Amino acid sequence: MKKSNTTNSKPNHWLMKTEPDVFSIDDLANSPNQTTGWIGVRNYQARNYMRDQMRLGDRVLVYHSNANPSCVVGSATVTRTAYPDHTAWDTTSPYYDPKSSPDNPRWQMVDIQLETKFPTPQTLQMLREHPKLAEMVLLRKGMRLSIQPVTAVEYKFIFSIASRIA
DNA sequence: GCCAACGTTGGC
DNA sequence: GCCAACGTTGGC
């Protein structure tokens, strides 16, 4: 059997940042089919994760950045793999990039569907308290990447504590 | 609003 | 390819 990521049925785990003033977990909940295209990623590393590694059914932690406080607020699943981000060639979009075009799209997006809005969002401060999460990418100094890999252990742990009713 | 830590751009 | 200047992110 050929080794290939595309035939591996085990989902990957991710964390995706969004500024709640721009698009919040409630906006996702209120979206048609609770699904949205993840427009506006303009960072190559984040794009490459989407383009090269995100698969249908991958699990996503949704994180509110630039918030009071910033926290993991919910979970979602990938329901469509990477496709061109049309906002890049929309001159009226805040995400417009003149170097992208329909013929030669530079940026990609995926679709995600809400799974859970957590009853107990986990703030950065709360996450830092757990030794289990010591190596988490989100908690590393200077880490700005808007799409990050999360280990299965980290994902399950955060899902578990955020699901508890406080 | 501050500013550290990144990422990108562009002259050379 | 180097790297200074500039722009952005995002916690605080």
Side-chain angles (χ1 to χ4, degrees), chain A residues 12-31 36-54 58-76 78 82-112 114-151 153-155 157-164 166:
Chain A
N12 292 317
H13 301 79
W14 306 96
L15 180 144
M16 295 168 81
K17 295 181 184 174
T18 182
E19 300 192 22
D21 292 349
V22 178
F23 189 86
S24 72
I25 190 83
D26 289 326
D27 293 324
L28 177 58
N30 293 327
S31 296
T36 194
W38 205 255
I39 58 169
V41 172
R42 297 293 178 269
N43 170 281
Y44 290 105
Q45 199 176 345
R47 179 202 66 183
N48 294 348
Y49 277 136
M50 286 196 291
R51 189 189 60 190
D52 303 336
Q53 294 188 237
M54 271 196 194
D58 277 4
R59 316 286 300 273
V60 177
L61 293 172
V62 178
Y63 177 80
H64 279 174
S65 61
N66 262 320
N68 295 301
S70 294
C71 49
V72 175
V73 289
S75 67
V78 175
Y83 61 105
D85 181 345
H86 58 87
T87 63
W89 55 78
D90 174 0
T91 54
T92 66
S93 168
Y95 307 120
Y96 175 64
D97 177 357
K99 293 176 192 141
S100 190
S101 67
D103 287 343
N104 189 15
R106 167 174 301 212
W107 303 110
Q108 304 271 118
M109 61 201 272
V110 298
D111 286 356
I112 67 168
L114 180 69
E115 180 184 43
T116 312
K117 185 181 166 185
F118 291 138
T120 310
Q122 297 294 302
T123 66
L124 264 190
Q125 191 182 13
M126 292 159 77
L127 295 174
R128 286 189 207 283
E129 286 170 10
H130 300 288
K132 251 184 200 170
L133 303 178
E135 301 300 315
M136 197 178 171
V137 173
L138 180 71
L139 305 182
R140 290 181 196 159
K141 188 177 176 186
M143 178 45 63
R144 311 187 317 191
L145 198 56
S146 63
I147 296 178
Q148 310 175 353
V150 174
T151 69
V153 169
E154 290 164 348
Y155 183 94
F157 180 70
I158 293 172
F159 190 99
S160 155
I161 58 179
S163 297
R164 285 182 204 143

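Nothing here was measured: the structure is a model prediction, and the numbers come from that model. Letters go in sequence order (proteins before strands), and every chain restarts at 1.
- Atom CG of A/Leu124 is separated from atom P of C/dC12 by 6 Å (rounded to the nearest Å).
- If you take CH2 of A/Trp107 and C1' of B/dG7, they are 10 Å apart, rounded to a whole angstrom.
- The phosphate of B/dA4 has neither OP1 nor OP2 within less than 4.0 Å of any side-chain N or O from A/Lys141.
- At C/dT8, none of the side-chain N or O atoms of A/Tyr95 fall inside 4.0 Å of OP1 or OP2 (strictly under the cut-off).
- A/Asp111 and A/Trp38 share no donor-acceptor pair across their side chains, judged by distance under 3.5 Å alone.
- A side-chain donor-acceptor contact under 3.5 Å links A/Thr87 and A/Arg42.
- DNA chain B is contacted by both A/Lys99 and A/Asn66; A/Asn66 maps to the nucleotide lying nearer its 5′ end (nearest heavy atom per residue).
- Counting only N and O atoms by type, the side chains of A/Asp26 and A/Ser24 include no donor and acceptor under 3.5 Å apart.
- Counted by atom type alone, A/Arg106 and A/Tyr44 present one or more donor-acceptor pairs between their side chains at under 3.5 Å.
- In this structure, A/Asn43 atom CG and B/dT8 atom P are separated by 6 Å, rounded to whole Å.
- Regarding A/Arg144, its CZ atom lies at a distance of 12 Å from the C1' atom of C/dG11, rounded to whole Å.
- Within the structure, a side-chain polar atom (N or O) of A/Ser70 is placed less than 4.0 Å from OP1 or OP2 of C/dG11.
- Taking the nucleotide of DNA chain B with the nearest heavy atom to each of A/Arg42 and A/Gly142, the more 5' of the two is matched to A/Gly142.
- Looking at A/Ser93, its side chain does come within 3.5 Å of a backbone N or O of A/Tyr95 through a donor-acceptor pair.
- Taking atom CZ on A/Arg128 and atom C1' on C/dG11, their separation rounds to 8 Å, with Å as the unit.
- The distance from atom CG of A/Leu145 to atom P of B/dA5 is 17 Å, rounded to the nearest whole Å.
- One atom, OH of A/Tyr44, and another, P of B/dT9, lie 6 Å apart when rounded to the nearest Å.
- For C/dG10, the OP1/OP2 oxygens have a side-chain nitrogen or oxygen of A/Lys17 closer than 4.0 Å.
- If you measure from atom CD of A/Gln148 to atom P of B/dC6, you get 13 Å, rounded to the nearest angstrom.
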